[in-house]
Amino acid sequence: MSGGVENTPKLRFNEFSGEWRTSKLGDGVTLISGQHLAPDEYSKSSGEIAYFTGPSDFTNRPQEVTKWTSASEKSGRKGDVLITVKGSGVGELLHLQLEEAAMGRQLMAIRERDYLSSLIFQILSTHKKRFVALAAGNMIPGLSRDDILSTPISLPDLPEQQKIAAFLGAVDAKIGQLTRKKALLEDYKKGCMQQLFTQKLRFKDDNGNDFPDWEEKPLHSFLTETKNKSEGAEPVFSVSVHKGLVDQVEHLGRSFSAADTDHYNRVEPGDIVYTKSPTGDFPYGIVKQSRIDKNVIVSPLYGVFRPETPSLGYWLHVYFESHVNTGNYLKPIIQKGAKNTINITNTTFLSASLKVPVDHDEQQKIADFLSAIDAKISLVADELSAAQDFKKGLLQQMFV
């Protein structure tokens with residue numbers, strides 16, 4: 001690949017030269033509006049075409065309709081680029097791979113005519129900020145047909161379009177493969193967790209014998225509040241639902257800590273941290289084990305606890321990954337205050353009981369088994385992130 005100068009991309013296949021032409025998106029595509037369907041016009045019955053109502057359907061299983069069984073002028077079809085034009089998620093895109101689909105009024109379909117739809121999808125994915133600004137500028141927030149059709153777009157002749165599309169298609173295929181692999185591993189882990197926590201799956205000791213029965217025990221019998229404070233040199237961390245303990249600067253872009261952090265709680269490797277603030281699917285807070293190999297500090301609003309064994313701490317970490325498990329444990333012992341604030345002391349957090357493995361060897365076997373799955377998920381997640389970053393860099397250099 002090589003780069004050009006005037007109105008050419010920085011990165012280009014060597015066999016092509018000359019400037020790209022700039023025009024409006026509407027010069028090479030057809031725009032099709034979605035249509036509202038009444039509730040009695042769709043259901044989850046099988047055999048009907050998918051009905052996309054908004055960007056949430058781009059990642060979730062779409063609704064299905066009963067009256068739209070074949071393509072119509074209001075339907076999307078394979079290859080169309082669906083774009084969200086109203087409501088939350090304005091500018092969100094989907095490159096439709098189904099043979100056909102119905103669309104709600106929040107969506108429009110961009111259909112290729114002179115421009116390849118796969119390239120339209122790639123190029124428009126870099127226009128999200130522009131679409132959001134245009135939507136906010138209208139009297140009723142949303143994108144008009146003209147907002148979309150007047151979008152400036154630079155493209156080469158068809159042979160070069162096809163070469164770029166094939167190359168980026170291979171990158172997307174790799175990203176899709178890694179995404180599916182990660183999802184399958186996560187599903188496998190969830191299945192194993194369910195089997196373990198219901199004790200349908202049990203490990204044997206090294207002699208092939210059963211471990212002792214699990215026991216219902218209050219958390220304070222195997223968790224102890226540490227009450228350790230900052231020693232002055234530890235980095236400030238927060239707690240994320242998906243990533244556990246994360247460096248504030250690396251994860252959030254800056255530190256949100258107080259100027260004086262001497263009163264912050266010190267977290268050592270293996271400690272359990274309980275945040276007392278609602279987060280998404282976790283309205284009563286989240287519970288995580290520190291998987292960091294160094295001491296860090298967290299807000300004094302967080303509870304920090306030392307588990308009886310690191311492996312039992314990991315068992316708790318995995319148990320509380322489920323928002324259902326977390327809610328079942330915390331809801332009965334929490335009082336909600338004004339503005340939905342959570343009122344719970346560290347002592348109260350430790351007061352309820354869970355059925356836990358009591359043999360240290362069994363705790364370790366469970367921890368080793370699940371952490372091995374976590375390691376595989378983390379490896380695939382890193383590969384996926386690298387592939388996505390690679391594609392992002394390509395998009396910045398392969399288009400004008």
Side-chain angles (χ1 to χ4, degrees), residues 50 52 54-62 81-82 84 89 92-98 118 121-122 125-126 128 166-198 200-201 237-247 250-253 273 275 279-282 286-293 311 313-327 365-396:
F52 290 86
S56 62
D57 295 332
F58 293 173
T59 52
N60 299 327
R61 184 184 300 274
V81 177
L82 305 191
T84 309
E92 294 291 339
L93 304 167
L94 173 71
H95 192 201
L96 190 63
Q97 299 303 309
L98 300 174
S118 56
F121 174 74
Q122 306 288 4
S125 66
T126 67
K128 178 68 186 294
F167 180 72
L168 291 177
V171 175
D172 282 339
K174 179 64 175 178
I175 291 174
Q177 181 187 42
L178 291 170
T179 301
R180 289 188 294 274
K181 185 176 181 180
K182 179 172 177 284
L184 287 171
L185 283 169
E186 289 170 339
D187 287 343
Y188 173 66
K189 180 185 174 183
K190 288 178 183 177
C192 290
M193 287 165 54
Q194 185 178 19
Q195 295 287 309
L196 284 167
F197 295 139
T198 58
K200 292 179 180 178
L201 174 63
F237 272 54
S238 292
V239 181
S240 160
V241 170
H242 300 294
K243 296 184 178 180
L245 270 75
V246 290
D247 187 296
E250 292 179 6
H251 185 64
L252 303 173
V273 180
T275 72
T279 306
D281 290 335
F282 294 79
I286 55 180
V287 181
K288 298 290 181 182
Q289 183 183 41
S290 174
R291 311 293 289 168
I292 311 299
D293 59 1
S311 54
Y314 183 72
W315 184 96
L316 287 171
H317 173 86
V318 174
Y319 182 86
F320 285 115
E321 282 183 356
S322 162
H323 67 89
V324 175
N325 290 345
T326 305
K365 284 179 180 288
I366 293 172
D368 290 344
F369 176 70
L370 291 175
S371 60
I373 301 175
D374 275 343
K376 291 180 180 179
I377 293 174
S378 180
L379 180 62
V380 175
D382 289 343
E383 292 176 352
L384 176 59
S385 179
Q388 291 169 332
D389 288 344
F390 175 66
K391 180 186 173 181
K392 184 178 179 180
L394 286 175
L395 292 178
Q396 291 173 343

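Each residue takes its place number in the sequence, starting with 1. The analysis underlying the following values was restricted to heavy atoms, covering all of them including side chains, and did not include hydrogens, waters or symmetry mates.
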(request) Count the heavy atoms of every other residue, nucleotide or ligand shown that sit under 6.0 Å from NZ of K392, and state whether that count exceeds 12. (result) no

(message) Using modelled atom types and a 3.5 Å cut-off, is there a donor and acceptor pairing between side-chain atoms of S125 and backbone atoms of Q122?
(response) yes

(request) Indicate the atoms forming the closest heavy-atom contact of F237 with L245, along with that distance. (result) CD2-C, 3.8 Å

(message) With side chain to side chain contact (heavy atoms under 4.5 Å, CB included) as the criterion, how do L370 and L196 come out once you've worked through the C-alpha distance, each side chain's angles and the decisive distance to 0.1 Å?
(response) CA-CA 10 Å; L370 291 175; L196 284 167; 3.9 Å; yes

(message) I need the F121 CZ to L168 CG distance, nearest 0.5 Å.
(response) 11.0 Å

(message) I'd like to check the side-chain hydrogen bond (donor to acceptor under 3.5 Å, both in side chains) partners of K182; sequence neighbours left out, ordered by chain and number.
(response) E186

(request) Return the minimal non-hydrogen interatomic distance between F282 and F320, and the atom names on each side. (result) CE2-O, 3.7 Å

(request) Check whether any side-chain heavy atom of V239 sits under 4.5 Å from a side-chain heavy atom of T279, and report yes or no. (result) no

(message) I'd like to know whether NZ of K376 has more than 12 heavy-atom contacts from other residues, nucleotides or ligands below 6.0 angstrom.
(response) no

(message) Rounded at 0.5 Å granularity, tell me how far CD1 in I175 sits from CG in L178.
(response) 8.0 Å

Please output the side-chain donor-acceptor pairs of residues 379-389 that fall under 3.5 Å, not counting sequence neighbours, one pair per line with the distance.
none

(message) Just checking Q195: does its CD atom have more than 12 heavy atoms from other residues, nucleotides or ligands closer to it than 6.0 angstrom?
(response) yes

(request) First locate atom CD1 of I286, then atom OG of S240, and finally report the distance between them rounded to the nearest 0.5 Å. (result) 6.5 Å

(request) Please state whether the rings of Y188 and F369 are parallel, tilted or perpendicular, taking 30° and 60° as the class boundaries. (result) perpendicular

(request) Heavy atoms only: give me the nearest S371-R291 pair and the separation to one decimal. (result) CB-NH2, 4.2 Å

(message) Rounded at 0.5 Å granularity, tell me how far CG in D187 sits from SG in C192.
(response) 11.0 Å

(message) Looking at every heavy atom in both G89 and T84, which two are closest together, and how far apart are they?
(response) O-CB, 3.3 Å

(request) Start with the C-alpha distance between V287 and Y319, add both sets of side-chain angles, then the distance that settles side chain to side chain contact (heavy atoms under 4.5 Å, CB included), and finish with yes or no. (result) CA-CA 9 Å; V287 181; Y319 182 86; over 6 Å; no

(request) List for me each residue that meets side-chain hydrogen bond (donor to acceptor under 3.5 Å, both in side chains) alongside D374, sequence neighbours excluded, and say none if there are none. (result) K189, Y314

(message) To the nearest 0.5 Å, what is the distance between OG1 on T179 and NZ on K174?
(response) 11.0 Å

(message) Using a strict threshold of under 4.0 Å (side-chain N to carboxylate O), is an ion pair present between E321 and K288?
(response) no

(message) Using 0.5 Å steps for rounding, measure from the OG1 atom of T326 to the CG atom of D281.
(response) 10.5 Å

